[in-house]
Protein chains: 2
Amino acid sequence: MKDPLEELGSHLKRKGLRLTEERKKLVQLILSMKGHFSPEELLKHVKTKRLPISRATIYRILPVLVSAEIIQQSLLTEGQTRFEVTWNKDHHDHLICTYCNKVIEFQHNTIEIMQREIANRYGFILEHHVMELMGRCKDCRN
Amino acid sequence: MKDPLEELGSHLKRKGLRLTEERKKLVQLILSMKGHFSPEELLKHVKTKRLPISRATIYRILPVLVSAEIIQQSLLTEGQTRFEVTWNKDHHDHLICTYCNKVIEFQHNTIEIMQREIANRYGFILEHHVMELMGRCKDCRN
DNA sequence: GTTCATGCAAAAGGTTTGCAGTCAT
DNA sequence: ATGACTGCAAACCTTTTGCATGAAC
């Protein structure tokens, strides 16, 4: 498994784009963060770390990182787009507590297989999917 | 199965809220529409039918209809919140064509059962879920 | 040197809100 | 009569964009 910066670099080269300081710094910051983030949350981290990256640049870099398959859009959004890191991670779905907003990641191969069957049945070529289970977690159920 | 207006009326009464002309008209319009809609699309329909309901009122009524369980939020949003009618309809999930945006509704009991098992395994009380399968439909696969 | 990327500030959606007037109960 | 509801316009938040400057190749 390559280094994420090399990954990004070769992706950019393939597309005739450039590996700028801003892109390098932002990828490193994102990979150092746990969990999911919105552009505005990311901006806060950038400000906290005093990285010289503007809001506009963040909004412009995020789609590049998606197409480089380092991050992906994630979760049902309320107002803000959310992203999560996919680089070097297995696919998973989410359990979300509707009370404390805790997010648990899980995998379930049988469901994945069934999803492909459903897609086939309707003549679809499956590209990706979202499955999110919402409820009260064990700390919030009373 | 009651009439949706009665349903709404008794829900509103229970909450000490009022059954206004705007709410009646909007429910009827929504129920006459097929599929999913955003607030702005709904506003267009309202204008087309020359109903005297303002944008602000639409945005204020939609959450009321959600809590009356006549509609629910639906689908991954790109920019706009989307809703769909749930009143008098069975639960279903979605297959979405990433090329033509066609939406197919389907049901799959085995997956529903497995979702409940997953929730149990992690100590969650499941409230609801979203499952969306994205891919190329048979008309768009080449 | 060429072309792409960045920062800034303005603009562009979508959604919310304060206020004064209106209507359901 | 009371308190909820509506319309309007302004405000708000997130995201996008035009333009001049700066940097990667």
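Per chain, numbering begins at 1; letters A, B, ... match sequence-line order.
Taking only distance into account, the side chain of Arg60(B) meets the base of dG7(D) through a donor-acceptor pair shorter than 3.5 Å.
In this structure, Tyr59(A) places its OH atom 18 Å from P of dA12(C), rounding to the nearest Å. Atom CG in Leu62(B) sits roughly 15 Å away from atom P in dT17(C) (whole-Å rounding). Atom P of nucleotide dC5(D) and atom CD1 of Ile53(B) are separated by 15 Å, given to the nearest angstrom. Rounded to a whole Å, the CD1 atom of Ile61(A) is 13 Å from the C1' atom of dA23(D). Rounded to a whole Å, the NZ atom of Lys15(A) is 20 Å from the P atom of dT3(C). Regarding Arg55(A), its CZ atom lies at a distance of 8 Å from the P atom of dT14(D), rounded to whole Å. When the P atom of dC5(D) is taken as reference, atom CG of Leu65(B) falls 12 Å away, rounded to whole Å. Look at CG on Leu26(B): it is 14 Å from P on dC5(D), rounded to the nearest Å.
Of the candidates Glu84(A), His36(A), Glu132(A), His36(A) is the only one forming a side-chain contact (heavy atoms from CB on, under 4.5 Å) with Val103(A).
Using a 4.0 Å cut-off between charged nitrogen and carboxylate oxygen, Lys44(A) and Glu41(A) do not count as a salt-bridge pair. Between Glu22(B) and Lys25(B), no side-chain nitrogen of the basic residue sits less than 4.0 Å from a carboxylate oxygen of the acidic one, so the salt-bridge criterion is not met. We find that Glu105(B) and Lys89(B) are joined by a salt bridge, their nearest charged nitrogen and carboxylate oxygen being less than 4.0 Å apart.
DNA chain C is contacted by both Ala56(B) and Leu17(B); Ala56(B) maps to the nucleotide lying nearer its 5′ end (nearest heavy atom per residue). Each of Thr57(B) and Gly16(B) has a nearest nucleotide on DNA chain D; the 5'-most of these lies closest to Gly16(B).
Within a 6.0 Å radius of CD in Glu69(A), other residues, nucleotides and ligands contribute 12 heavy atoms or fewer.
Looking at the side chain of Arg18(B), the nearest of the listed nucleotides dC23(C), dG7(D), dT6(C) is dC23(C). Counting only heavy atoms from C-beta on, Gln80(A) has its side chain closest to dT14(D) among dT14(D), dG7(C), dT15(D). Of the candidates dT6(D), dT15(D), dT15(C), the closest approach to any side-chain atom of Thr81(B) belongs to dT15(C). Closest to the Ser54(B) side chain, of the nucleotides dA5(C), dA24(C), dC8(D), is dC8(D).
Of the side-chain N and O atoms in Thr20(B), one or more sit less than 4.0 angstrom from OP1 or OP2 of dT6(D).
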